[in-house]
Amino acid sequence: MEINKIKCGKFSFNVPNFDLKLTMFSGQTSQPPWKHKNDYYQELIFIEDKPCLIKVRQKNNHLEVKYETDTKVSPQDIKKTIKYIFDLEFNLDKFYFNFTQNDSIFSRIVEKYNGLRLFLAHNKYECIISSITSANNSISKWTRSILRIKEKLGRKYVFPSSEEMYYFPDPETVLENKDKLKYCGVGYRYKYIVETTKILYENLSIDEVNKMEYDEAFETLLELPGVGPKVADCILLYGFRRYEAFPVDIWITRAIKDLFGVSKDIREFGQSKFGKYAGYAQLYLYQYIRHKK
DNA sequence: CAGGTC
DNA sequence: TCTGG
């Protein structure tokens with residue numbers, strides 16, 4: 001699909017404590033890292049229901065942004081969206097301050113991964129499917145699956161710079177093209193994706209879940225096929241920006257065991273220990289344990 | 001060999 | 001369990 005009435009532009013703005021690459025490649029996220037091209041990272045995002053090609057790159061403490069989008073979308077709208085996706089309003093220093101007091105381990109972790117933030121979903125349905133696909137799967141494999149779903153089932157948009165981007169299909173499209181989904185390398189998760197999509201299409205609105213309190217949203221997500229505690233918390237953290245979520249995978253299990261000697265009820269442990277910073281604590285613990293020799 | 005859900 | 005690297 002070609003886009004008419006399009007405008008291109010660029011701007012830059014100052015960012016707080018932030019590391020774009022670290023944030024985008026942190027591993028456990030709602031979406032694959034953005035496409036790296038000509039020194040920028042780019043993605044197709046819908047803003048005000050209009051397709052928008054966003055390219056970003058970081059130069060020290062500012063972010064350079066190029067965009068191609070409908071004339072109705074303002075640079076302010078784009079900036080707001082970028083701030084949301086990289087969680088730039090979150091007060092990282094306060095989080096650091098809270099957990100580095102009298103804690104040499106956390107001090108080192110925080111120092112090493114300074115500027116790491118949540119990489120939030122721009123599409124909640126994509127985030128749910130991504131999270132289901134990530135279960136019992138390697139990072140490189142689920143990343144490829146998601147990119148394949150976008151290319152095989154998603155809609156293609158061609159921008160003025162002749163850039164071609166695919167957008168993650170909506171639930172209806174996925175249900176209409178179930179057969180194609182089989183060739184996206186999701187394996188046995190195929191039936192979970194189809195069943196969950198059916199529920200999201202017919203019975204459960206994502207917006208409704210978004211309005212719920214954390215606990216209720218968690219229990220509701222658990223009802224979806226292929227969604228267990230880890231996936232539910234990933235969806236809540238990366239998709240719905242619920243900072244109290246604490247997704248526990250084998251890496252977090254190892255980290256908690258390693259640092260605190262705790263080996264059961266790890267989610268509850270993390271949530272009571274870190275409270276409203278549980279999600280961020282998880283982000284840093286994950287980096288710590290994955291890179292630990 | 002990696003890796004949550006049923 | 002299942003499946004690509």
Side-chain angles (χ1 to χ4, degrees), chain A residues 25-33 36 118-119 121 124-153 174 178-200 203-204 206 209 214-240 242 244-259 262-271 278-279 281-293:
Chain A
F25 291 90
S26 70
Q28 282 188 323
T29 59
S30 55
Q31 57 189 310
H36 194 190
L118 292 178
F119 186 25
K124 291 183 173 60
Y125 171 62
E126 175 183 22
C127 174
I128 292 171
I129 300 306
S130 280
S131 302
I132 290 174
T133 308
S134 74
N136 198 20
N137 209 163
S138 63
I139 293 173
S140 61
K141 249 175 76 178
W142 78 253
T143 300
R144 265 193 306 278
S145 291
I146 299 309
L147 295 177
R148 236 178 273 174
I149 292 174
K150 288 167 85 162
E151 285 189 14
K152 287 182 190 288
L153 288 87
V174 170
K178 289 199 281 263
D179 45 325
K180 290 187 192 164
L181 185 60
K182 285 183 180 156
Y183 305 102
C184 296
V186 296
Y188 66 92
R189 299 168 200 81
Y190 169 81
K191 60 179 183 297
Y192 298 150
I193 296 174
V194 171
E195 290 307 309
T196 287
T197 300
K198 256 183 214 164
I199 294 172
L200 293 175
N203 300 314
L204 180 67
I206 291 177
V209 178
Y214 169 77
D215 288 326
E216 190 189 355
F218 183 79
E219 296 300 327
T220 304
L221 290 172
L222 286 184
E223 301 290 316
L224 298 171
V227 178
K230 191 269 183 182
V231 168
D233 260 350
C234 274
I235 293 169
L236 285 165
L237 182 60
Y238 300 106
F240 297 75
R242 299 302 176 92
E244 60 270 59
F246 192 74
V248 177
D249 64 358
I250 61 148
W251 296 98
I252 294 302
T253 305
R254 286 173 194 162
I256 296 293
K257 175 95 171 106
D258 183 271
L259 294 174
V262 173
S263 50
K264 62 176 185 117
D265 298 330
I266 297 171
R267 174 169 173 265
E268 290 69 19
F269 174 82
Q271 290 183 323
Q282 179 267 166
L283 204 57
Y284 281 78
L285 290 170
Y286 183 80
Q287 294 304 315
Y288 159 76
I289 200 71
R290 286 223 60 156
H291 299 134
K292 190 183 171 189
K293 299 169 290 298

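Residue numbering restarts at 1 for every chain, and letters A, B, ... go by the order of the sequence lines. Small disclaimer: the values here were computed from a predicted structure and weren't measured.
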Under 3.5 Å: donor-acceptor pair, side chain of [X], backbone of [Y]:
{"X": "A/Asp233", "Y": "A/Phe246", "value": "yes"}
{"X": "A/Ser134", "Y": "A/Ser131", "value": "yes"}
{"X": "A/Glu244", "Y": "A/Gln271", "value": "no"}

Can you tell me the distance, in whole Å, between the [atom1] atom of [X] and the [atom2] atom of [N]?
{"X": "A/Asn137", "N": "C/dT1", "atom1": "CG", "atom2": "C1'", "result": "13 Å"}
{"X": "A/Lys182", "N": "C/dC2", "atom1": "NZ", "atom2": "P", "result": "16 Å"}
{"X": "A/Asp249", "N": "B/dA2", "atom1": "CG", "atom2": "P", "result": "13 Å"}
{"X": "A/Lys191", "N": "B/dT5", "atom1": "NZ", "atom2": "P", "result": "14 Å"}
{"X": "A/Ile252", "N": "B/dG4", "atom1": "CD1", "atom2": "C1'", "result": "14 Å"}
{"X": "A/Tyr286", "N": "B/dG4", "atom1": "OH", "atom2": "C1'", "result": "13 Å"}
{"X": "A/Ile250", "N": "B/dC1", "atom1": "CD1", "atom2": "C1'", "result": "11 Å"}
{"X": "A/Trp251", "N": "B/dA2", "atom1": "CH2", "atom2": "C1'", "result": "9 Å"}

Residues from residues 217-230 of chain A sitting under 4.0 Å of DNA chain C, heavy atoms only?
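Of all residues in residues 217-230 of chain A, none places a heavy atom under 4.0 Å from DNA chain C.
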Is the closest side-chain heavy-atom distance between [X] and [Y] below 4.5 Å?
{"X": "A/Gln282", "Y": "A/Pro247", "result": "yes"}
{"X": "A/Leu222", "Y": "A/Glu219", "result": "yes"}
{"X": "A/Trp251", "Y": "A/Leu285", "result": "no"}
{"X": "A/Tyr183", "Y": "A/Arg148", "result": "no"}
{"X": "A/Val227", "Y": "A/Tyr192", "result": "no"}

OP1 or OP2 of C/dT3 sitting under 4.0 Å from any side-chain N/O of A/Trp142?
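Negative; the distance criterion is not met.
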Ignoring backbone atoms, establish whether A/Arg290 has a side-chain N or O less than 4.0 Å from OP1 or OP2 of B/dG3.
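The answer is yes; a side-chain N or O of A/Arg290 sits under 4.0 Å from OP1 or OP2.
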Relative to A/Phe218, does A/Arg242 satisfy both conditions: NZ or CZ under 6.0 angstrom from the six-membered ring centre, and within 45 degrees of the ring's axis?
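No; the conditions do not both hold, so A/Arg242 does not lie above the ring face of A/Phe218.
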A/Arg144, nearest nucleotide to its side chain (from C/dG5, B/dG3, C/dT3):
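Selected nucleotide (nearest to the side chain): C/dG5.
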Stem ranges for DNA chain B, with three or more consecutive Watson-Crick or G-U pairs under 3.5 Å?
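Stems (3+ consecutive pairs) listed as B:1-3 with C:2-4.
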Pick the closest DNA chain C nucleotide for A/Gly185 and for A/Asn136 by heavy atoms, then say which residue is nearer the 5' end.
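Per heavy-atom nearest nucleotide, the more 5' residue is A/Asn136.
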Hey, which of these two, A/Arg189 or A/Ser140, hits DNA chain C nearer its 5' end, going by closest nucleotide?
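Counting from the 5' end, the first nearest nucleotide belongs to A/Arg189.
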